[in-house]
Asker: 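Just dropping this structure here.
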Amino acid sequence: MAEQGFRTCSVTGLKVHLPAERLIKANAVTAIIFIAIGGAAALLAALTRWPAVHLLGPEWFYRVLTAHGFDMLIVWIIFFEIAALYLGSAVLLSVRIAAPLVGWVAYILMLGGAVLVNIMVLAGKSDVLFTSYPPLMAHPLFYLGVILFAVGALIGVALFFATLYKARKEKTYTHQSFPLVTFGLFAAACIAVTTLLHGAGIYIPTLLWSLGIIHDIDPSAYRLVWWGLGHSSQQINVTAMISVWYLIGALSVGMKPINEKLCRTAFVLYILFIDVASEHHLLVDPVFGNAHKIWNTGYVMHLAVLASMIHALAVPAGIEVALRKQGYTKGLFEWFKMAPWGNPAFSATVWSIFIFGFLAGITGVVFGNEQINMTAHNTWRITGHFHATVVGGTTIAFMGVTYYILPLIFRRQIWALSLARIQPWLYGIGITMLSASMMLAGAYGIPRRHWDIANFGGSPFAFAWDPTVYIWLGVFGIAALLAVAGGIIYVAVSAGTLLWGKKVE
Amino acid sequence: MSIYPPDKVWWKPIDREEKIWLVIALIWLSFTFFLMPVLHVYGRQNPPALSYRVTPERFEALSNEFIEKYRVLGSDGQPVAINGVPVVHPQPGGDAYIVARAWSWQPILELEKGKPYRIHLSSLDFQHGFSIYPLNMNFMAIPGEDYILRITPTSSGEFSILCNEYCGIGHHTMVGKLIVR
């Protein structure tokens, strides 16, 4: 007999608060709609940067690039994270969500902000790219849209904290310790607060500036505060992604962390150190002194990297131990061979760990080195690096967890499971090739955010690159097509499941 | 499992395997961390950290004065320009200016190999990215900041300067030149 307003999950035994479930559904569906929009922009941008195609003209190229950056890095990921926060609080702790109505206010603000930004960008009123560096000026409604989105997301994060507090007060979980997944999401939420405050802190004066109320925005100061939003939001993604690894590990193979204490300490290291590390974006800026740069990107960044190193062992080792307990103990690798590869959530997690570990994190540490940064700053190396982190890491992990959210929250069997099974592979291979080719081309100096590296729009000073870069640009084009195909399958499987998936009782 | 609350006592000692891994991680991280300050002291290439506040108007005036003073004159006594951009031969060991504006780099510096220069880099309008090819060295040109690059060219030839920070619709046409003799 379920309590009123709850149902009991037949797989996990958790009590699911139905208003929380509705909020999770709304945020997840909206996230997937925006990955579809951002993915369309990705395809157009990639086909333009592939010199063999060079599809769009410059105006539309910079326009779709602005939309792609905003829709993917902010809208898709934060909507999904808000869904994950409600899941990690209300569902995992079997508690009522503190205030469902506030959740809907947050949702409407975020949706309104996202739609406003997209309209302003696609109407050609805000060709400022994702960073919107002043003195380039966008339409005031662009900045207003970003602020609405950030405020909505902050309210969602506050609702998460309130729900945790409610669970603690009502003692809905044992021993007064959160599950590890909730703890990780709590760390992500802490980082989200500082990140979104940076966002409000920089976009409110910028909005006033675009309205003519403030005379001047200092470009260097803007860069300092903006990156507290721009990079720190990627740290929310890292932390949420690792929480999702633990979540999928638990659901797919029954994984337990090897040492709770160490895993939790690692999450605390993220909260303490990862935000300041955002200053590596300013390594070749004027204004800041060397000691300042070395402190923030050297000492502080490496303490956050230590946290990633801890998870880098804890997650695969936890999976191995869980599979060995199931009896796959022959030799060194029977557990790996017998892992549930037919489960798209599991294979997505393995791809996420692989790409994040070997392409994303490591290149981030390398490019964050003061001296190497001189050869990497604003080249395609950086773009390759963050496609490995945000797409190869976070997005694939979120795609993986979608294959659990569909049956457990939407309670529908996955439609076209065989397509879903190849999806992480197609997407993972595509993103691996894409990130690697971008970084290799970037090593020759190929700039990011550039419409015409072949002819420089007819500039009389045009020069020829080392022809090797055209090999990597070709690989990039093919990789982009593979990744887009994987993205289309993800959206199609999600939509198909919601429309035609068999209901799970 | 990590989706349920942990056992009552979860602050257990760390296993041997994880300890070994932690030590390896700490050694590697210490290495990559100390590399930065050590290279800073003993290495030969570091990001410059000297900059001054300057208004775009003042920077433009200073750079015009510099261009007038050190313009290269051709055999006919006329100032030399390539594609309309003046060629300037600054005094070795002295100051030189590179001005970024939408969407050009001014002037074309003609430097001497092995001689040190103090190059002043700034922008008169938007943020621009100073990227030199084929060396692939990158610095920011930000309006309001006079960024001092202390550079000694070690190879001769013609180099291209391209903008790698988006600065508006003509961004991709923003290419310049630098010559080392």
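Just so it is clear: chains get the letters A, B, ... in the order the sequence lines come, proteins before strands, and each one is counted from 1.
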Asker: Between A/Trp451, A/Phe61, A/Phe456, A/Phe461, which is the residue that forms a ring-ring contact (aromatic ring centres under 6.0 Å, His included) with B/His172?
Answerer: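 The ring-ring contact (aromatic ring centres under 6.0 Å, His included) with B/His172 is passed solely by A/Trp451 among A/Trp451, A/Phe61, A/Phe456, A/Phe461.
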
Asker: Roughly how far apart are B/Ile3 CD1 and A/Ile248 CD1, rounded to 0.5 Å?
Answerer: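 One finds 12.0 Å between CD1 of B/Ile3 and CD1 of A/Ile248.
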
Asker: Select one option (side chain, backbone, both, neither) describing which atoms of A/Asp466 are under 4.5 Å from chain B's heavy atoms.
Answerer: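 Contact with chain B: backbone and side chain both.
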
Asker: Heavy-atom distances under 4.5 Å only: say whether A/Leu313 touches chain B with side chain, backbone, both or neither.
Answerer: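 A/Leu313 touches chain B through backbone and side-chain heavy atoms alike.
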
Asker: Give me the atom names and distance for the closest heavy-atom approach of A/Leu306 to B/Ala25.
Answerer: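 Looking at all heavy atoms of both residues, the closest pair is CD1-CB, 4.1 Å.
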
Asker: What heavy-atom pair brings B/Cys167 and A/Leu136 nearest, and what distance separates the two atoms?
Answerer: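 Looking at all heavy atoms of both residues, the closest pair is C-CD2, 4.2 Å.
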
Asker: Got a donor-acceptor contact below 3.5 angstrom from the B/Asn136 side chain to the A/Thr375 backbone?
Answerer: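 Indeed, once roles are kept as given, a pair shorter than 3.5 Å links the two residues.
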
Asker: Can you tell which part of B/Phe126 gets under 4.5 Å to a heavy atom of chain A, answering side chain, backbone, both or neither?
Answerer: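 Looking at B/Phe126, backbone and side chain both touch chain A.
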
Asker: Where on A/Phe288 is there a heavy atom nearer than 4.5 Å to chain B: the side chain, the backbone, both, or neither?
Answerer: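 The backbone, not the side chain.
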
Asker: Report yes if the side chains of B/Pro37 and A/Ile294 come closer than 4.5 Å at any heavy-atom pair, otherwise no.
Answerer: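 With C-beta onward as the side chain, the pair touches.
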
Asker: Quick one: closest heavy-atom pair of A/Pro286 and B/Glu145, and the distance?
Answerer: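 It is CG-CB, 3.7 Å.
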
Asker: Atom CZ in B/Arg53, atom CG in A/Asp218: separation rounded to 0.5 Å?
Answerer: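 So the gap between those two atoms works out to 4.5 Å.
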
Asker: Measure distances from A/Val128 to the heavy atoms of chain B and classify the residue's part below 4.5 Å as side chain, backbone, both or neither.
Answerer: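 A/Val128 touches chain B through backbone heavy atoms alone.
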
Asker: Starting from the C-alpha separation in whole Å, work towards a yes-or-no answer on side-chain contact (heavy atoms from CB on, under 4.5 Å) for B/Met140 and A/Asn378.
Answerer: CA-CA 9 Å; B/Met140 288 304 298; A/Asn378 271 357; 3.8 Å; yes

Asker: In terms of heavy-atom proximity below 4.5 Å to chain A, should B/Trp28 be classed as side chain, backbone, both, or neither?
Answerer: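 The side chain, not the backbone.
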
Asker: Just verifying a value: how many Å separate B/Leu39 CG and A/Glu370 CD, rounded to the nearest 0.5 Å?
Answerer: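 Between atom CG of B/Leu39 and atom CD of A/Glu370 there are 9.0 Å.
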
Asker: A/Phe178 versus chain B, heavy atoms under 4.5 Å apart: side chain, backbone, both or neither?
Answerer: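 The backbone, not the side chain.
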
Asker: Please flag which part of A/Leu65 lies under 4.5 Å from any non-hydrogen atom of chain B: side chain, backbone, both or neither.
Answerer: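 Neither part.
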
Asker: Say you draw a straight line from NE2 of A/His450 to CG of B/Leu162; how long is it, rounded to the nearest 0.5 Å?
Answerer: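 Between atom NE2 of A/His450 and atom CG of B/Leu162 there are 5.5 Å.
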
Asker: If I take atom CD from residue B/Glu18 and atom CD1 from residue A/Ile310, how far apart are they, to the nearest 0.5 angstrom?
Answerer: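 The CD1 atom of A/Ile310 is 8.0 Å from CD of B/Glu18, to the nearest 0.5 Å.
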
Asker: B/Asn164 side chain to A/Arg448 main-chain N or O, any donor-acceptor pair under 3.5 Å?
Answerer: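 No.
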
Asker: Side chain, backbone, both or neither: which part of A/Ala291 has a non-hydrogen atom closer than 4.5 Å to chain B?
Answerer: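 Contact with chain B involves no heavy atom of A/Ala291 at all.
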
Asker: Does any N or O in the side chain of B/Ser2 come within less than 3.5 Å of the main-chain N or O of A/Val181, such that one atom is a donor and the other an acceptor?
Answerer: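 Answer holds: no.
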
Asker: Grab the two heavy atoms, one from A/Ser177 and one from B/Pro5, that are nearest each other, plus how far apart they are.
Answerer: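 Looks like O-CB, 3.4 Å.
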
Asker: Examine whether an atom of A/Thr265 lies under 4.5 Å from a heavy atom of chain B, and if so say whether it belongs to the side chain, the backbone or both; otherwise answer neither.
Answerer: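 Neither part.
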
Asker: Can you check whether A/Trp465 reaches B/Tyr133 side chain to side chain, under 4.5 Å on heavy atoms?
Answerer: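 Side chain of A/Trp465 against side chain of B/Tyr133, heavy atoms only: contact under 4.5 Å found.
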
Asker: For atom NZ of A/Lys261, decide whether the heavy atoms of other residues, nucleotides or ligands shown that lie under 6.0 angstrom number more than 12.
Answerer: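 Buried by this count: over 12 neighbours within 6.0 Å.
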
Asker: Supply the atom-to-atom distance B/His171 NE2 to A/Asp452 CG, rounded to the nearest 0.5 angstrom.
Answerer: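 Answer for the NE2-CG pair, B/His171 versus A/Asp452, is 11.0 Å.
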
Asker: Might you point out which heavy atoms bring B/Asn46 and A/Gln371 nearest each other, and give the distance in Å?
Answerer: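 Result for this residue pair: OD1-NE2, 2.7 Å.
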
Asker: Using non-hydrogen atoms only, which part of A/Ala376 is less than 4.5 Å away from chain B: side chain, backbone, both, or neither?
Answerer: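 Backbone of A/Ala376 only, per the 4.5 Å heavy-atom cut-off to chain B.
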
Asker: Chain A heavy atoms under 4.5 Å from B/Pro134: which part of the residue, side chain, backbone, both or neither?
Answerer: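 Neither part; nothing is under 4.5 Å.
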
Asker: Check whether B/Tyr4 reaches the backbone of A/Thr12 with its side chain - one donor and one acceptor, N or O, closer than 3.5 Å.
Answerer: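 Yes, B/Tyr4 side chain to A/Thr12 backbone: donor-acceptor pair under 3.5 Å.
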
